[in-house]
Amino acid sequence: MVDATTAFSGFSVRDVPEARAFYEGVLGVPVSEEHGMLTLHLSDGHGVLVYPKGPAHEPASFTVLNFPVPDVDAAVDELAAAGVRFLQYDGVTDERGVNRQGGPLIAWFTDPSGNVLSVIEQ
């Protein structure tokens, strides 16, 4: 059997220094680096592995990481001011990139490698 209590997720990026600058500098996520890979340290004590693939990297076509926030509109404002561009999905998101179609408010954006992330209202 596997030990599910130590399981973790991960995703690839094309450039580790670029990813570190984004996750640590723009999003404010605590990051450590070992063996050329990053670990994003989440508040619950779990880590997410970010590993390099260089030119072979293909962005995930799904949301790889969701950031719960108390106020999506405030998070969108703050991230947009830091240069983050929010994705637009026809018939789903408003002009700010927020899905207000039901369920929790959510807005999607990408990291520098094109992986999809979100801020989602708690």
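These numbers come from a predicted model, not from an experiment.
- The side-chain heavy atoms of V116 and F62, taken from C-beta on, include no pair separated by under 4.5 Å.
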Could you go through residues 32-39 and list every donor-acceptor pair under 3.5 Å that involves a side-chain atom there, pairing it with any protein atom two or more places apart or in another chain?
from	atom 1	to	atom 2	distance (Å)
S32	OG	H41	NE2	2.7
E33	OE1	R20	NH1	3.2

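- Annotation: side chain of V119 is in contact with side chain of F86 (closest heavy-atom distance under 4.5 Å).
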Extract all donor-acceptor atom pairs below 3.5 Å that involve side chains of residues 65-72 and protein atoms in other chains or at least two apart in sequence.
from	atom 1	to	atom 2	distance (Å)
N66	OD1	S118	OG	2.6
D71	OD1	D73	N	3.0
D71	OD1	A74	N	3.0

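- Note: the hydrophobic cluster containing L87 does not contain V13 (ILVMFWY, side chain heavy atoms under 4.5 Å, direct or indirect links).
- Residue pairs meeting the side-chain hydrogen bond (donor to acceptor under 3.5 Å, both in side chains) criterion with at least one partner in residues 51-62, sequence neighbours excluded, are S12-H57.
- Put simply, the side chain of V76 does not reach to within 4.5 Å of the side chain of F109, judged on heavy atoms.
- The shortest non-hydrogen separation linking P59 to S113 is CG-O, 3.2 Å.
- Residues that satisfy the side-chain hydrogen bond (donor to acceptor under 3.5 Å, both in side chains) test with D77, not counting sequence neighbours, are R96.
- Within 6.0 Å of the CG atom in D90, the count of heavy atoms belonging to other residues, nucleotides or ligands does not exceed 12.
- Hydrophobic clustering (side-chain heavy atoms under 4.5 Å, transitive across Ile, Leu, Val, Met, Phe, Trp, Tyr) groups V64 together with V26.
- For Y89, the OH atom is densely surrounded, since the number of other residues' heavy atoms within 6.0 Å is greater than 12.
- Taken to the nearest 0.5 Å, the OG atom of S9 stands 9.0 Å off from the CG atom of L40.
- Hydrophobic clustering places V50 together with L42 (ILVMFWY residues linked when any side-chain heavy atoms are closer than 4.5 Å, directly or through intermediates).
- No donor-acceptor pair under 3.5 Å is formed between the side chain of E121 and the backbone N or O of I106.
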Check your understanding: Step by step, would you call Y23 with V48 a side chain to side chain contact (heavy atoms under 4.5 Å, CB included)?
Key -> CA-CA 12 Å; Y23 285 97; V48 175; over 6 Å; no
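- Residues satisfying the side-chain hydrogen bond (donor to acceptor under 3.5 Å, both in side chains) test with N115, not counting sequence neighbours, are D111.
- Each of V98 and V92 belongs to its own hydrophobic cluster when Ile, Leu, Val, Met, Phe, Trp and Tyr are linked at side-chain heavy-atom distances under 4.5 angstrom.
- Remark: R14 pairs with E18 by the salt bridge (Lys or Arg N to Asp or Glu O under 4.0 Å) rule, at least two apart or across chains.
- For R100 against D94, the heavy-atom pair with the smallest separation is NE-OD2, 2.5 Å.
- When the side chains of ILVMFWY residues are joined at heavy-atom separations under 4.5 Å, either directly or via intervening members, L105 and L79 end up in a single hydrophobic cluster.
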